[in-house]
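Quick notes on the structure that follows.
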Amino acid sequence: MTSTDSINFENKLIVDEALHPADLFATGSGHVNPSRANDHGLVYDIEPDDYIPYLCGLGYDDTEVGIIAHRTIKCSENSSTPERELNYPSFSVVLGSQQTFTRTVTNVGEANSSYVVMVTAPEGFDVKVQPNKLYFLEANQKKTYSVKFSRIESGNEPAEYAQGFLQWVSAKHTVRSPILVKFKTIKSAST
């Protein structure tokens with residue numbers, strides 16, 4: 001996902017079936033780039049057991065989660081994990097008020113490498129990443145960062161969805177994560 005391209009092999013934007021620039025619903029993360037997939041620099045680790053509290057939180061019962069996990073599960077013994085807390089390399093935001101996501105990346109590239117964040121914010125949003133630089137002294141080292149999404153009041157009625165990207169860029173790698181925001185209407189106290 002993080003090593004895909006948002007342009008096609010002709011160096012043009014990916015288009016949809018109507019030959020318009022495609023959005024994330026049409027492309028997902030983008031075109032697979034096998035050479036970059038073999039040397040991607042950073043990965044977002046997630047273990048199968050990380051999904052158990054998520055599935056329990058979605059309302060699946062012990063039997064249903066147990067079938068998926070191939071063992072006995074007691075959802076009452078697992079705390080619920082919201083989707084935004086899974087260590088995914090993408091951000092799916094339903095925004096009414098400000099939200100903060102936390103992610104952990106693992107350096108699978110070179111030791112003594114550094115990455116700086118570059119954000120293409122979804123229209124109508126401010127995106128703040130802390131820290132904005134990651135320094136790795138060794139391979140397999142982990143670093144955690146947070147991303148805060150805030151709506152910018154522009155006076156214009158926003159589209160239902162907005163999209164953007166967050167990229168960690170080093171001298172050798174670009175690790176790109178898609179951002180999709182669904183606007184949630186905030187009702188005023190007078191309505």
Side-chain angles (χ1 to χ4, degrees), residues 1-7 14 24-25 27-58 60 65 68-71 73 75 77-95 98-122 125-150 163-182:
M1 176 183 287
T2 59
S3 58
T4 59
D5 291 322
S6 58
I7 55 174
I14 299 171
L24 289 175
F25 292 112
T27 64
S29 294
H31 274 290
V32 173
N33 183 325
S35 60
R36 285 182 46 210
N38 283 332
D39 184 21
H40 36 78
L42 301 175
V43 295
Y44 291 78
D45 287 329
I46 189 164
E47 299 295 327
D49 281 351
D50 295 338
Y51 289 97
I52 291 171
Y54 172 65
L55 293 169
C56 290
L58 288 176
Y60 289 97
V65 178
I68 294 168
H70 301 288
R71 66 178 194 268
I73 298 293
C75 284
E77 295 174 3
N78 287 286
S79 60
S80 176
T81 300
E83 179 182 351
R84 75 173 182 263
E85 291 182 20
L86 289 174
N87 198 40
Y88 273 170
S90 62
F91 300 90
S92 177
V93 185
V94 178
L95 196 61
Q98 175 179 294
Q99 286 187 31
T100 302
F101 291 60
T102 302
R103 296 289 190 264
T104 300
V105 292
T106 303
N107 178 30
V108 294
E110 299 77 22
N112 297 313
S113 57
S114 62
Y115 290 80
V116 63
V117 73
M118 297 177 67
V119 176
T120 301
F125 282 86
D126 183 44
V127 179
K128 298 280 190 224
V129 181
Q130 287 297 321
N132 61 4
K133 293 181 183 175
L134 300 175
Y135 300 97
F136 296 94
L137 299 177
E138 56 194 44
N140 298 313
Q141 185 177 359
K142 296 180 183 297
K143 295 285 182 172
T144 298
Y145 68 93
S146 64
V147 184
K148 181 168 61 174
F149 296 92
S150 304
Q163 63 186 29
F165 297 95
L166 179 152
Q167 297 180 103
W168 288 105
V169 181
S170 74
K172 184 176 179 184
H173 300 99
T174 299
V175 180
R176 186 170 64 95
S177 295
I179 300 168
L180 183 68
V181 178
K182 179 179 182 355

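All values below were derived from every heavy atom in this structure, side-chain atoms included, with hydrogens, water molecules and symmetry-related copies excluded. Since this is a predicted model, take the numbers as computed values, not measurements.
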> Is any side-chain heavy atom of Leu134 closer than 4.5 Å to a side-chain heavy atom of Ser114?
Replying inline: no

>> Once ring pair (Phe, Tyr, Trp, His ring centres under 6.0 Å) is applied, do any residues pair with Phe125, and if so which ones, sequence neighbours excluded?
In response: Phe183

> Is the backbone of Ser90 close enough, under 3.5 Å, to the side chain of Arg103 for a donor and an acceptor to pair up by distance?
Replying inline: yes

>> If you apply the rule side-chain contact (heavy atoms from CB on, under 4.5 Å), what do you find for Val129 with Trp168, and how did you get there?
In response: CA-CA 11 Å; Val129 181; Trp168 288 105; 3.8 Å; yes

> For Ile68, what residues pass the side chain to side chain contact (heavy atoms under 4.5 Å, CB included) criterion, not counting sequence neighbours?
Replying inline: Leu55

> By side chain to side chain contact (heavy atoms under 4.5 Å, CB included), which residues pair with Gln99, not counting sequence neighbours?
Replying inline: Arg84, Val93, Leu95, Phe101

> What distance do Lys128 atom NZ and Gln98 atom CD have between them, rounded to the nearest 0.5 Å?
Replying inline: 11.0 Å

> So how far is it from Phe165 CZ to Phe91 CZ, rounded to the nearest 0.5 Å?
Replying inline: 12.5 Å

>> Using a 3.5 Å distance criterion without hydrogens, assess whether the side chain of Ser177 forms a donor-acceptor pair with backbone atoms of Pro89.
In response: yes

> Who pairs with Asn112 by side chain to side chain donor-acceptor pair (under 3.5 Å), at least two apart in sequence or on another chain?
Replying inline: none

>> My understanding is that only residues two or more places apart in sequence, or in another chain, count here; which of them pass side chain to side chain donor-acceptor pair (under 3.5 Å) with Tyr145?
In response: Tyr44

> Got a sec, which residues hit salt bridge (Lys or Arg N to Asp or Glu O under 4.0 Å) with Asp50, two or more places apart in sequence or on another chain?
Replying inline: none

>> Which residues pass the side chain to side chain donor-acceptor pair (under 3.5 Å) test with Ser80, not counting sequence neighbours?
In response: none

> Sequence neighbours excluded, which residues qualify as side chain to side chain donor-acceptor pair (under 3.5 Å) partners of Ser146?
Replying inline: none

> Does any N or O in the side chain of Asn87 come within less than 3.5 Å of the main-chain N or O of Thr104, such that one atom is a donor and the other an acceptor?
Replying inline: yes

> Looking at residues at least two apart in the chain, or sitting in another chain, which of them share a side chain to side chain contact (heavy atoms under 4.5 Å, CB included) with Ala69?
Replying inline: Ile52, Arg71, Ile73

> Quick one: side-chain hydrogen bond (donor to acceptor under 3.5 Å, both in side chains) pairs with a partner in residues 132-142, sequence neighbours left out?
Replying inline: Asp45-Lys142, Thr106-Lys142

> Can you name the salt bridge (Lys or Arg N to Asp or Glu O under 4.0 Å) partners of Lys148, sequence neighbours left out?
Replying inline: none

